[in-house]
Amino acid sequence: MTTTSSPPLLIVFGAGGHGRVVVDAALASACFRAVVASDRNPSLWGQQLLPGVPIVAPEALPTLQGPLALHVAIGHNLVRQKEAQALRDIAPLVSVIHPRASVAQSSSIAPGCLLAAHCVVGPMAELEEGVIVNHGAVVDHDCHIGAWAHIAPLAALGGAVRVGTASLVGAGSVVLRDVTLGADVTLGAGGVALTNMPAGQSWAGVPARPLERASA
Ligand SMILES: CC(C)(COP(=O)(O)OP(=O)(O)OC[C@H]1O[C@@H](n2cnc3c(N)ncnc32)[C@H](O)[C@@H]1OP(=O)(O)O)[C@@H](O)C(=O)NCCC(=O)NCCS
């Protein structure tokens, strides 16, 4: 005997610009019964994040009728991670995938990821929990993206690139094939990474160098 359950109501936590991107993708995906936004900022409560998507106080979330799903839509990687931890009991964390994202069947996507419109996730790529692959970004074959990392709009990762936990690959940047970025690394917008980048460093420029030397 088969049972059917209605699609979940999606809670998008974080009512800023990134929240709008997530809500837009969630609505386009038609995977959810409805979408509600929430934020810790009281000045947003009662407003709408996008037309038809109310912003409610976090205190209201436990009163929502299930089934529920949660996506934390905060651009700052460490804050996104922290909020996902704090809100875990409210609903299971889910990924949101825009229908115009191109996602290889052999890739693996952990819960809590956003795959925005026109991004590409190639064959055998692995995305850990809470990763953002933003508009038009390319994560090519065999890449491994650590939890809570952000691949910003139009960034391009060649094959087998590894990106560490909570790192930011800036908008329009390029990481060459087989290069590894450690945890908590920032590659500045438009940078081109030719070599491995150690954990905790910020690099920028073409070719990318540690930030204090980026403009040297
Ligand atoms: C690299 C980055 C993190 C540096 O930020 P910061 O620590 O605040 O550094 P500052 O803005 O003080 O700049 C420090 C120096 O680096 C240079 N610099 C900053 N960003 C740079 C970039 N992307 N490429 C080349 N040089 C850059 C600045 O010109 C400055 O040079 P100077 O010392 O000769 O004046 C930031 O500029 C950046 O590119 N962030 C990524 C943004 C992004 O893509 N977000 C995703 C949005 S969805």
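Counting convention: from 1, in listed order, for ligands and their atoms alike.
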For ligand 1, which atoms have a heavy atom of [X] less than 4.0 angstrom away?
X      : value
Thr186 : 3 (C)
His150 : 48 (S)
Ala171 : 43 (C), 44 (O)

Those residues that, when tested against Arg100, pass side chain to side chain donor-acceptor pair (under 3.5 Å) (two or more places apart): none

Expected list for residues 132-147: side-chain donor-acceptor pairs under 3.5 angstrom, two or more places apart:
unit_1, atom_1, unit_2, atom_2, d
Asn134, ND2, His150, NE2, 3.0
His144, ND1, Glu126, OE1, 2.7
His144, NE2, Glu128, OE2, 2.7

Any heavy atom of His18 closer to ligand 1 than 4.0 angstrom? no

So, 4.0 Å and heavy atoms of Pro153: is ligand 1 close enough to count as a contact? yes

Output for pair (Ser102 OG, Leu115 CG), nearest 0.5 Å, gives 10.0 Å

Rounded to the nearest 0.5 Å, how far does CG of Leu9 lie from CG of Leu61? 9.5 Å

Out of Ala189, Gly205, Gly170, the nearest non-hydrogen contact to atom 38 (C) of ligand 1 is supplied by Ala189

Would you say Trp148 ends up clustered with Val185 if hydrophobic residues are merged whenever their side chains have heavy atoms under 4.5 Å apart, either directly or through other cluster members? no

How close do Pro207 and Leu194 get, heavy atom to heavy atom, and via which atoms? CB-CD1, 3.4 Å

Are any of the N or O atoms of Ala204 closer than 3.5 Å to those of ligand 1? no

With heavy atoms only and a cut-off of under 4.0 Å, state how Ala152 meets ligand 1: side chain, backbone, both or neither. side chain

